[in-house]
Amino acid sequence: MHDLNVRQREATQYLDGPLLVLAGAGSGKTRVITRKIAWLVRECGLASRRIAAITFTNKAAREMRERAGELLSKKTANDLQVSTFHALGARILREEASALGYKPRFSIFDAADCTALLADLFKELEKGALRQAQQHISTWKNAMLAPEAAQALAENGTEQRAARIYLAYEASLKAYQAMDFDDLIRLPVQLFMEHPEIREKWQDRLRYLLIDEYQDTNACQYALLQHLTGPRQQFTAVGDDDQSIYGWRGADPENLKRLSQDFPNLKIIKLEQNYRSTTRILEAANRLIAHNEKLFEKKLWSELGHGSPVRVTQHEDHEQEAESVVMRLNAHRLEHRGQWSDYAILYRSNHLARFFESALRNQRIPYVLSGGSSFFDKTEIKDFLAYLRLFANPEDDPAFIRAATTPRRGIGSETLKTLGIYAGERRRSLFHAAGEEGLAQRLSARQHAPLAEFCQFIVRMRARAEQEAAQVVLPDLLTAIEYESYLYAHEEERVAAARWTNLCEFSDWLRQKGETEGKTLVDLVQTIALIQQLDKEETTADAVQLSTLHAAKGLEYRHVFLVGVEEEILPHREAIASGTVEEERRLMYVGITRARQSLFISCARRRKQHRDWVFCAPSRFIAEMGAQPPSSTPLPDKATGQARLNALKAMLAGR
DNA sequence: GCACTTTATGTTTTT
DNA sequence: CATAAAGTGC
């Protein structure tokens, strides 16, 4: 382990009790975690299936498994329990569902499913109120408060109303045998509190825990951690309070402090040497973050030399910003003879990506978009998924409605309304109620026939989905529901073709997953709710990376363009209003520290919002990091810019 | 009663 | 630009 520094090695080998590693950006925390896993397996003889590593995203989990695999044998690495908090919670719940009155094949509702459910339950309420309620519910769930407790604690009218919504929402989820993301953490904690024997079983199963991105855990996740480690207290938490950017999701950097209070024998190791960035970049980051209240004093340093200065530019509007950033990127790459994949364009919110996408497309520069709307959010995927969800969980009424009505098969709103009322009276799921005799009497023959046929179809396919292999059932299902012709009948040809391609890709991915893991379709559905994006094979493609700041956390790039660095964007307007500018500052800090060699910061003077132009001021963060004030770039010259680029190309070609 | 067409509308970040 | 609600034809 000669390539680790003293502190890193100490963190890797420390096993005397709970350990907190305060790891600054780029200080090699992933390396410490993977080395520690290898150490536990090789030197301590711990079976790899008894080691649980918890990451923040699925992508990080995959990477960690891969990197551990480089140190250990493939098979040993495969047995490691590497997952997100949510995936771990889901695994526990599938196994212990009965203890909570759930079936093992419960559905997992994503945020969109939950919003739809709330909208359906409270049709009379407007969107804003529902969003507010949803936010409240999430906060309550993360604080382990049941609806009744929330109702008792509600202080004002809005909270009272939100608590009433919470009550109905919970009842619906339970009726649908469904859970939301918060439940995946909350319910295991509840389970462990109520059933000591189950808690001990899991404590025995997982002997050592490693938690990455600890600053992003919320109270509930912390409780889960405490239950899992139990009296043995064998864990390593790795985190950086300066990179806590998920406060809106209940994450609380105070959790770092709480750790030293709850575990008096907690050992703390700081990693401050940065192996990623040049000094000028680090200094800018340090100066910026000095404006925040600090939990732990920490100063990053590096031995990588000064590097080039941080460049700040201001542009006339958002389109010119995109154009000149792309132009500069292009020129920079030519000059340095680098690769597209050395470059990243990072922004606060997803919608900013659009302008950069079109600028990149105009210049015929390859790019990949990470973050943003996921593959699984696409309508065609959700349509198809509804069938699969219904196979796994017939109580899933939203899945029933979606599958029953897409593509259209003569089941309309009136039929569904009657069915809904009947099912409510009989306290059955829509699917079960639809098969009952009593319903037929309330519907006309014309209404009942398509419904009955649909139910029979589901029963038939469900039996097959449970028994046969995915590669056999999938094509049959796709053919049977005639989705392709449905697409071409309803969409423009190009759109229809694109959607069908997506669906085929998804089906292919499922089939492949089924083959390698030897699972049936019903088994597979259970796991996909937690996956947000398909990990495509073509990660090797040489392309500029476009990403939100949140999605860029944990990654690094040689050259970074931080764009849209303006007041009301970064810091975000809502954050200014709600007094959470410190978190925005950390977000900026995360952005800066992604860069290894060069950092470019840009902002626009005005941008089009909705239909009119708004003026934008450079972000306060630019001054705070001590950068040169924005120099207006000589624009609008598209022509001269292009000419200059061509001259540069010619010069380089001749060299 | 069902399916399709038009019109309004809206954007923080993600498991 | 893409989805969601209201409106119109069959």
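Model, not experiment: these values are computed from the prediction.
Taking only side-chain nitrogens and oxygens, His351(A) never comes nearer than 4.0 Å to OP1 or OP2 of dT12(B). Taking 4.0 angstrom as the limit, Asn350(A) places none of its side-chain polar atoms (N or O) nearer than this to OP1 or OP2 of dT11(B). Of the side-chain N and O atoms in Thr415(A), none sit less than 4.0 angstrom from OP1 or OP2 of dG1(B). Taking side-chain N and O atoms only, Arg408(A) has a distance below 4.0 Å to OP1 or OP2 of dA3(B).
Classified by interplanar angle (parallel below 30°, tilted 30° to 60°, perpendicular above 60°), the ring pair Phe600(A)/Phe561(A) is parallel. In this structure, Tyr102(A) and Phe106(A) have perpendicular ring planes: the angle between them is above 60°, well past the 30° mark.
In this structure, of dC1(C), dT3(C), dT13(B), it is dT13(B) that holds the atom nearest to the side chain of His550(A). Looking at the side chain of Ser413(A), the nearest of the listed nucleotides dT13(B), dC2(B), dT12(B) is dC2(B). Which of dT12(B), dC4(B), dG1(B) sits closest to the side chain of Glu414(A) comes down to dG1(B). Among the nucleotides dT13(B), dC2(B), dT15(B), the one closest to any side-chain atom of Arg348(A) is dT13(B). Nearest nucleotide to the side chain of Thr379(A), out of dT15(B), dT3(C), dC2(B): dT3(C). Counting only heavy atoms from C-beta on, Ser349(A) has its side chain closest to dT12(B) among dT12(B), dC1(C), dC4(B). Out of dC2(B), dT15(B), dT14(B), the shortest distance to the side chain of Gln447(A) is found at dC2(B). Here the nucleotide nearest the side chain of Arg499(A), chosen from dT15(B), dT3(C), dT12(B), is dT3(C).
Counting non-hydrogen atoms under 4.0 angstrom, Phe56(A) reaches the backbone sugars and phosphates but no base. Among the heavy atoms of the strands, none lies under 4.0 Å from Arg586(A). Within 4.0 Å (heavy atoms only), Leu549(A) reaches no atom of the nucleic acid at all.
Under the stacking criterion of a centre-to-centre distance below 5.5 angstrom and an interplanar angle below 30°, Tyr246(A) is not stacked against the six-membered ring of dT13(B). Per the stacking criterion (ring centres < 5.5 Å, plane angle < 30°), His572(A) stacks onto the base of dT12(B).
The nearest whole Å value for the distance from the CG atom in Leu416(A) to the P atom in dA3(B) is 10 Å. The interatomic distance linking Glu566(A) (CD) with dT12(B) (C1') rounds to 15 Å, in whole Å. Per the geometry, CD1 belonging to Ile576(A) stands 16 Å off P belonging to dT13(B), to the nearest Å.
Classification of Lys141(A) and Glu170(A) as a salt-bridged pair holds, one side-chain N sitting under 4.0 Å from a carboxylate O.
Within 6.0 Å of CD on Glu95(A) lie more than 12 heavy atoms contributed by other residues, nucleotides or ligands. Under a cut-off of 6.0 angstrom, the local environment of CZ in Arg573(A) is sparse, with at most 12 non-hydrogen atoms contributed by other residues, nucleotides or ligands.
Residue whose closest nucleotide on DNA chain B sits further toward the 5' end, between Phe181(A) and Glu574(A): Glu574(A). Heavy-atom distances to DNA chain B give each of Ile245(A) and Arg446(A) a nearest nucleotide, and the one nearer the 5′ end belongs to Arg446(A).
The main-chain N or O of Ala604(A) is found under 3.5 Å from a side-chain atom of Glu566(A) such that the two form a donor-acceptor pair.
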